[in-house]
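Contents: one structure, followed by commentary.
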Amino acid sequence: MGYRVAVIGAGIIAGSHLAALRKLDALAACAVADVRLGRAEAMAAEYGISPYADYKEMIVREKPDIAVVTLPHHLHREAATFAADRGCHVLLEKPMATSVRECDDIAAAVERGGVKLMVGHTQHYIAENIAAKAVIESGRLGRLLLINDRRHQRYDVPGRPDWFFDKAKAGGGILTNLGAHSIDKIQWLTGEPIVRVTAGIHYAGMRGDIEGGGSAFLATATGIYATLSQSGYPGAIVDETEFRFEGGSMKLLTGRGLWVSDGGEYAEVPVGPKPDPFVGQFEDLVAAIETGCEPACAMAYSRSIVAVVESLYLSHEQGAEVAVVR
Ligand SMILES: NC(=O)c1ccc[n+]([C@@H]2O[C@H](COP(=O)([O-])OP(=O)(O)OC[C@H]3O[C@@H](n4cnc5c(N)ncnc54)[C@H](O)[C@@H]3O)[C@@H](O)[C@H]2O)c1
């Protein structure tokens, strides 16, 4: 008998988790809950599982081994702690929560419940990113010095749920949502925490009370310097990370390709097969459950991403560099 999995939230990303579960023999979806019962019912019908309106009732009645939390960010703490306190392992969507204080509450519940919690930082499972990490770790381009990460895409697009534009529910705008991916990419690929942040943020002209874009200067523990630039205003779409080393450079277009130069023109690096990141996340969580080891995107690491996101807003408010809270 495999692991029974219940999904909390039947929105956009829940379908990716349920589709991944279909590909895994060791896991089986059993139920899905959404306050909009119609959404849970439609998804439940598609996957042959039970629908609920109340996720707490679902956890209590179904007693799943694993709960997948795919809720708006301000509900991550409540759902993850409820599930962990009832003995469920948790796959929690990114970002872990809207503040480090909430992350600490989640960690306390996971400890009480004696369960594993992993945050779904999908960047770790994308083929080009994995290949980029291998180049960095091979040392073939020398010491890594600088990173420029640029992500521009219109944020107020049809189909984006309303809660994303409400800071109380989302925690912030593009810098929270896509910033979590960029910060994860920088910290995971360098293997270093970001320790200092200076940010400037624009709010004008964006829907709701979230920011529309901003730029930041980030420093890692050993002094790799990175710039982060994100705009949710209209304009050409960009998703590019460039790395400058002592002996070369590397251009990463996540999902599209990887290029390396040791002084001349960029040459494309072949990347391996492109596995489904949502499958990889479940496999890592199951491995953590079965070995007792911490999963790849463990709580302390995932909390560090939230800490950097919080520092971006703090730096902007203070008009000064901020040391990231540990
Ligand atoms: N890893 C990725 O690449 C990726 C991509 C998209 C979204 N996400 C993350 O996934 C999470 C969900 O995002 P989404 O785009 O699917 O949002 P969504 O709004 O489509 O889905 C959230 C669902 O939760 C439901 N909900 C709200 N309150 C509830 C409650 N109290 N009980 C039960 N259901 C409730 C809503 O009705 C909605 O259907 C977020 O953390 C987001 O950042 C990650």
Side-chain angles (χ1 to χ4, degrees), residues 6-20 31-44 46 50-60 62 67-83 90-99 102-103 106 117-126 129 151 153 155-185 188 208 210 230 232 239 254-255 275-282 284-285 296-297 302 305-306 309:
V7 179
I8 304 176
I12 294 166
I13 209 66
S16 300
H17 290 285
L18 285 165
V32 58
D34 201 297
V35 277
R36 299 196 192 185
L37 181 60
R39 286 189 179 182
E41 284 174 339
M43 220 165 244
E46 188 180 346
S50 305
Y52 287 82
D54 179 348
Y55 76 80
K56 293 180 179 172
E57 184 191 340
M58 174 178 75
I59 297 288
V60 170
E62 298 282 341
V68 183
V69 178
T70 68
L71 295 175
H73 303 157
H74 72 303
L75 297 171
H76 285 194
R77 168 173 56 178
E78 179 192 287
T81 55
F82 186 87
V90 180
L91 176 56
L92 174 59
E93 262 301 342
K94 48 59 62 178
M96 184 172 173
T98 57
S99 68
E102 290 185 355
C103 294
I106 293 171
L117 182 142
M118 176 172 146
V119 178
H121 288 296
T122 39
Q123 295 297 321
H124 296 229
Y125 301 89
I126 297 173
N129 294 355
R151 192 139 184 202
Q153 65 185 74
Y155 204 66
D156 181 10
V157 285
R160 183 178 293 287
D162 289 342
W163 65 265
F164 277 102
F165 302 93
D166 181 348
K167 191 169 170 65
K169 293 181 176 164
I174 190 167
L175 292 167
T176 293
N177 189 19
L178 303 186
H181 287 305
S182 291
I183 291 160
D184 175 30
K185 214 185 273 188
W188 172 58
I210 57 159
Q230 300 203 326
D239 181 1
T254 296
D276 178 347
F278 293 87
V279 167
Q281 290 180 164
F282 280 119
D284 273 359
L285 178 58
C297 302
S302 305
I305 294 171
V306 174
V309 169

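Each ligand, and each atom within it, is numbered from 1 in the order the structure gives.
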Checklist entry - Which of these passes side chain to side chain donor-acceptor pair (under 3.5 Å) with Glu93: His17, His73, Gln281? => result His17

For [X], atoms of ligand 1 separated by under 4.0 Å from a heavy atom:
| X | value |
| --- | --- |
| Leu71 | 11 (C), 12 (C), 24 (O), 26 (N), 29 (C), 33 (C), 34 (N), 35 (C), 40 (C), 41 (O) |
| Tyr55 | 32 (N) |
| Pro161 | 18 (P), 19 (O), 20 (O) |
| Leu75 | 28 (N), 29 (C), 31 (N) |

Backbone N or O of [Y] within a donor-acceptor pair of the [X] side chain at under 3.5 Å?
| X | Y | answer |
| --- | --- | --- |
| Lys94 | Asn177 | yes |
| Thr98 | His74 | no |
| Gln230 | Gly179 | yes |
| His121 | Ser302 | no |

Counting only heavy atoms closer than 4.0 Å, does ligand 1 sit against the backbone of [X], its side chain, both, or neither?
| X | answer |
| --- | --- |
| Thr122 | side chain |
| His181 | side chain |
| Asp54 | neither |
| Asn177 | side chain |

Provide, to 0.1 Å, the distance between [atom] and the closest protein heavy atom, together with that atom's residue and name.
| atom | result |
| --- | --- |
| atom 30 (C) of ligand 1 | Val35 CG1, 3.6 Å |
| atom 21 (O) of ligand 1 | Gly11 CA, 3.2 Å |
| atom 9 (C) of ligand 1 | Glu93 OE1, 3.6 Å |
| atom 43 (O) of ligand 1 | His73 NE2, 2.8 Å |
| atom 16 (O) of ligand 1 | Ile13 N, 2.9 Å |
| atom 41 (O) of ligand 1 | Lys94 O, 2.8 Å |
| atom 17 (O) of ligand 1 | Trp163 CZ2, 3.6 Å |
| atom 37 (O) of ligand 1 | Asp34 OD1, 2.6 Å |

Checklist entry - Could you go step by step and tell me if Val60 and Glu57 meet the side-chain contact (heavy atoms from CB on, under 4.5 Å) rule? => result CA-CA 5 Å; Val60 170; Glu57 184 191 340; 5.9 Å; no

Next on the checklist: Using a 3.5 Å cut-off on N or O atoms only, is Ile12 in polar contact with ligand 1?
Outcome noted: yes

Checklist entry - Between Glu78 and Tyr55, is a side-chain contact (heavy atoms from CB on, under 4.5 Å) present by the stated rule, with each step listed? => result CA-CA 11 Å; Glu78 179 192 287; Tyr55 76 80; 2.6 Å; yes

Next on the checklist: Tyr52 vs Ile8, test: side-chain contact (heavy atoms from CB on, under 4.5 Å). Steps then yes/no.
Outcome noted: CA-CA 9 Å; Tyr52 287 82; Ile8 304 176; over 6 Å; no

Next on the checklist: Please confirm whether His76 approaches ligand 1 to less than 4.0 Å, judged on its heavy atoms.
Outcome noted: yes

Checklist entry - Below 4.5 Å, heavy atoms only, C-beta onward: do Phe82 and Val90 meet side chain to side chain? => result no

Checklist entry - Are any non-hydrogen side-chain atoms of Phe165 and Tyr155 less than 4.5 angstrom apart? => result yes

Next on the checklist: Counting only heavy atoms not in Lys169 (residues, nucleotides, ligands), do more than 12 fall under 6.0 Å from its NZ?
Outcome noted: no

